> 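Below: one structure in structure tokens.
Just so you know, these numbers use all the heavy atoms, side chains as well, and skip hydrogens, waters and symmetry mates. Since the structure is predicted, the reported quantities are computational estimates derived from the model, not experimental observations. Just follow the structure's listing: the first ligand is 1, and inside any ligand the first atom is 1.
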Amino acid sequence: MSEKMRTLTEPFKIKVVEPLRVTTEEYRKKVLQEAGYNTFLLHSKDVFIDLLTDSGTGAMSDKQWAGIMVGDESYAGAKSWENLDAVVKELTGMPYVLPTHQGRAAERILYGILGGKGKVFISNTHFDTTRANIEFTGATAIDIINEEAEDTEVDLPFKGNIDIEKLEELIAQYGKENVAAIIITVTNNSSGGQPVSMANVEALRKVCNTHQIPMVIDGCRIAENAYFIKHREKGFENKTCQDIAKQMLRLGDAFVMSAKKDGMVNMGGLLTVKDEELSVKCKNLLIISEGFTTYGGLAGRDMEALAIGLTEVFDEDYLHYRIRSTAYLGEKLRAKGVPVVWPIGGHAVYIDAKKLYSHIPLHEYPGQALVCDLYIKGGIRTAEIGSLMFGKYDEQGKLIPATNELVRLAIPRRVYTQSHIDYVLDIFDDILELKNQKRGYRITYEPPFLRHFTARLEKID
Ligand code: F0G
């Protein structure tokens with residue numbers, strides 16, 4: 001694809017379509033109220049553009065659908081497993097590959113073995129399910145993102161990097177024998193889909209070698225991360241994204257992947273390890289909780305589609321379109337005056353609702369207010385990553401707000417066209433025009449854990 005091309009075009013044409021239903025604002029107001037102003041509780045038939053997540057929401061290619069037809073459903077030693085095993089071994093360079101039903105199953109198995117009371121895991125940022133699986137074993141999870149990356153506006157190429165200096169301090173503080181693993185999440189979902197540089201992972205490898213601590217790569221967006229390295233890190237300009245990903249994965253001792261992202265499938269996960277003894281322990285847990293070692297939590301057809309998806313995701317035209325189309329939305333929003341996390345990450349655009357809705361106090365959830373407005377105005381479903389998701393209460397029942405009040409517009413892979421994204425941009429004009437009239441929300445029901453999924457709210461008039 002020519003770099004000079006002005007209009008960013010999708011490098012595919014559409015063979016199967018799924019109709020979208022256009023609803024009225026009146027209707028959306030009604031159904032959102034019925035859903036307790038929680039977009040997780042909406043029916044997808046009532047959503048026009050669904051930017052809730054990029055996980056499992058991508059479109060498969062014709063080759064992947066053809067793979068579905070030839071999937072081998074044998075319980076043991078299926079051909080589809082052999083295909084997947086070969087692709088993953090080639091990608092990671094790791095000899096032991098375990099298929100799981102999704103990313104968190106791989107996490108549960110690996111961290112269930114490495115974790116336990118008194119153990120510490122250190123990461124650039126643990127994704128919620130990663131943290132939950134670690135804490136469930138009684139271990140502690142500590143995030144050490146580079147300090148400069150905490151500024152949501154500073155323009156740096158690798159804001160996903162782990163802070164190596166702080167890492168050394170923490171290892172000294174806790175004692176290397178208590179550090180169960182260092183987890184590097186690429187790209188770093190929880191900090192805006194920001195990439196991690198090869199230099200940072202190499203430096204991390206050295207620290208892990210010195211202290212004999214295992215290094216885990218959470219690489220569900222490894223291809224997107226490789227694209228950023230190719231375009232931002234010196235010395236990688238002439239390498240393919242696939243070779244960059246291979247180089248990075250060879251630095252790890254284990255790899256966990258939610259295949260629902262860069263695996264380009266709707267369901268699936270992977271766990272790969274270098275160490276034989278660890279692989280035996282993992283396989284035992286896999287058999288108890290997921291399935292036999294040659295299918296784990298997956299059907300043969302799923303493994304066939306994943307083997308193809310893991311190859312397609314490294315197509316240079318696809319990756320260029322993927323990263324540039326996410327940036328297209330983010331850059332246009334920024335030009336309109338919408339405060340966005342900068343630079344734009346790989347899979348999503350994050351809006352700073354604390355800045356956009358600065359008139360709404362934090363205990364009235366400005367992020368959720370924006371999520372509701374985007375749905376009411378345009379039928380656009382997004383997710384709050386702020387005090388509704390991470391807020392806690394003090395002893396007086398007062399909200400301790402989250403660090404940021406973000407709204408994530410996650411882009412499904414190969415699903416929406418540029419005109420869908422232009423529509424989203426148009427809706428932001430309405431939001432900006434009326435923003436000072438927007439009001440906050442209060443919670444009327446919340447469960448004890450992960451409240452954002454099922455909480456109910458009401459509008460403050
Ligand atoms: N690690 C990262 C970095 C993730 O982003 C996710 C999922 C997981 C692990 C867990 O994988 O869902 O297959 O069990 N992220 C999704 C999201 C849910 O919307 O960002 P899973």
> Can you check whether V47's main-chain N or O pairs, donor with acceptor, with R381's side chain at less than 3.5 Å?
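A pair under 3.5 Å: no.
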
> I need the contact residues for ligand 1: any residue with a non-hydrogen atom closer than 4.0 Å to the ligand, ordered by chain then number.
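Within the 4.0 Å shell of ligand 1, which is judged on heavy atoms, sit T53, S55, Q102, G103, R104, E107, F127, T129, T185, N189, D218, C220, R221, S258, K260, K261, R408.
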
> Show every salt bridge (charged side-chain N to carboxylate O under 4.0 Å, His left out) that has at least one partner inside residues 112-122, sequence neighbours left out.
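Qualifying pairs: none.
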
> For a side chain to side chain donor-acceptor pair (under 3.5 Å) check, start with the C-alpha distance between Y357 and D373, then their side-chain angles and the critical distance, and finish with the verdict.
CA-CA 11 Å; Y357 281 180; D373 291 339; 2.5 Å; yes

> NE2 of H211 to CD1 of I171: how many Å apart, nearest 0.5 Å?
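Nearest 0.5 Å value for the NE2-CD1 distance: 4.5 Å.
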
> Run the side chain to side chain donor-acceptor pair (under 3.5 Å) check on D72 and Y295 step by step: do they pass?
CA-CA 10 Å; D72 177 354; Y295 72 86; over 6 Å; no

> Parallel, tilted or perpendicular: which fits the ring planes of H231 and H320, with parallel below 30° and perpendicular above 60°?
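Correct class here is tilted.
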
